Amino acid sequence: MKVYLFYFLCILALYSALMVVISRKPVHNVLYLTLAMFCIAGHYILLNAQFLAVVHIIVYAGAIMVLFLFTVMLLNLNNESEFRKPALVQLGAVVAGGLLMLTLVGVLKQTDMVMTTDPTTTQIGLVKNLGKVLYNDFLLPFEVSSILFLSAMVGAVLLGKKD
Amino acid sequence: MDQQFIIYKTVLALSIMLISLLVAMYSTLAERKLAAFFQDRLGPDRAGPFGLLQPLADGVKLFFKEEFMPASANKFLYILGPSITMLVALLTSAVIPWGDSLTINGQTYRVQVADVNIGILYVFAVVSVGVYGIMIGGWASNNKYALLGAIRAASQMISYELAMGLSIIAVIMMSGTLSLQEIVDQQKGFNWNVWYQPLGFIIFLICALAECNRAPFDLPECETELVGGYHTEYSSMKLGFYLFAEYINMFISAAIISALYFGGYHFPFEDSLGLSANMLTIVGMVVFFIKITFFGFVFMWIRWTLPRFRYDQLMGLGWKKLIPLAIFNMVITGLIVRLLN
């Protein structure tokens with residue numbers, strides 16, 4: 001049952017991720033990306049990490065993707081206004097992307113497929129354990145990243161005020 | 001045993017869904033009757049005794065109306081919009097604890113579909129996804145008014161979600177759990193959270209009104225400026241879905257307010273009544289529904305009493321007043337929790 005669910009989510013995630021790139025309508029791209037986010041949240045649930053799954057939906061699907069959609073709708077982007085890049089830039093992008101994929105495949109091939117914990121019994125994704133790890137072992141990185149977010153917010157306000 | 005468990009959960013999930021739909025149906029009648037009362041009229045009274053069959057008549061009307069789709073609309077997304085809205089509205093009820101436990105054939109069951117340990121965050125996630133239905137519908141209609149309504153709805157919902165989340169954090173800090181079941185059980189008797197979180201409750205109530213797009217926050221469908229807002233181009237049952245989802249959301253919001261701040265199915269002196277456990281659960285469920293009905297009434301009361309906000313006032317209230325207040329509430333709660341322990 002779980003295996004079928006896993007494959008279903010994988011296929012859906014890959015399909016929607018591909019459609020983000022292939023589809024030519026900006027609003028569709030954003031909606032496919034949202035679907036991909038939901039698939040990833042589904043994977044988290046399969047790994048018994050309910051907290052991560054829900055936070056993933058709240059942050060990505062509920063906030064960031066809504067803002068994406070908001071911007072795309074507000075600018076009313078459609079097929080006619082789509083700007084085309086010159087052929088050389090397109091070729092460069094394909095080569096660069098292909099190289100990145102090669103590197104990723106190379107790295108992934110070298111790693112051993114070790115399953116350190118059984119995902120169905122591990123409790124690490126539950127909110128209590130995650131909080132303990134976050135506030136004991138990784139307190140400094142956590143606080144530093146929160147300062148990073150704060151500075152980003154201040155920057156956004158500054159840019160918004162400057163007119 | 002396993003089979004019995006599955007049957008119980010299925011029956012519970014289905015009955016909660018049917019009850020939500022039924023409550024939403026009769027909320028429309030209640031809303032019209034109350035509006036009539038506030039405006040010194042009679043309200044609908046032709047269909048059945050006291051107009052009790054009016055929701056059925058409305059439903060039949062919506063089903064048999066002509067289905068009209070704008071020629072330039074994106075067909076798939078146009079249908080997806082109301083579907084998502086309805087789906088999301090019905091999803092939330094899964095984690096709400098409707099009552100304590102029932103004992104059937106020696107097996108004890110919770111009157112809750114799923115007691116996930118992230119209950120309140122689940123509600124929050126579903127609410128944050130709710131905006132897609134409106135945005136997709138508004139955009140796919142290919143109508144300027146609909147698009148404006150959709151964009152308004154999105155910005156309003158994002159703004160008020162923040163203050164709502166911050167006011168929930170204060171409750172979570174107090175109770176130390178994310179599970180709605182445990183939050184409710186900690187408020188046993190008269191130990192309601194509202195006594196400890198009056199400010200948080202008011203912020204949550206205001207945000208709940210805004211999230212449901214209810215007056216005075218109904219700018220996404222503001223008739224005087226935007227014709228019908230995001231559902232301008234919708235007719236027949238697709239429009240019905242949008243309107244219906246609003247009433248389901250209201251019902252769920254009222255349930256969550258009662259569960260978070262007013263003790264859910266708990267009521268004063270419940271232990272001194274001398275009732276059996278099953279009986280107490282049933283009485284508790286009735287009490288919970290009475291609380292929900294009261295908050296549903298408050299929602300309607302506010303709608304027919306207060307005028308609509310202006311758009312900049314709405315944003316100002318959300319960002320400049322509610323969010324600082326909610327942060328203040330959170331800090332104070334944190335301090336007190338820290339000092340008392």
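Everything quoted here is computed from the prediction, not taken from an experiment. Chain letters run A, B, ... following the sequence lines, proteins first, then strands; residues in each count from 1. Only this structure's heavy atoms are used, side chains among them; waters, hydrogens and symmetry mates stay out.
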- Message: As an exercise: rank Leu178(B), Ile118(B), Val126(B) by heavy-atom pairs under 4.5 Å with chain A and give me the winner.
- Response: Ile118(B)
- Contact list for residues 317-341 of chain B, test ring pair (Phe, Tyr, Trp, His ring centres under 6.0 Å), sequence neighbours left out: none
- Under 6.0 Å between ring centres, would you say that holds for Phe6(A) and His43(A)? yes
- Name the region of His28(A), side chain, backbone, both or neither, that has any atom closer than 4.5 Å to a heavy atom of chain B. side chain
- Note on the structure: So, the part of Leu121(B) with a heavy atom under 4.5 Å from chain A: the answer is both
- So, Ser155(B) versus Tyr160(B): side-chain donor-acceptor pair below 3.5 Å or not? no
- Task: For Val127(B) and Glu161(B), work out which heavy atoms get closest and say how close.
- Result: O-OE2, 4.0 Å
- What part of Ile158(B) gets closer than 4.5 Å to chain A, counting heavy atoms only: side chain, backbone, both or neither? side chain
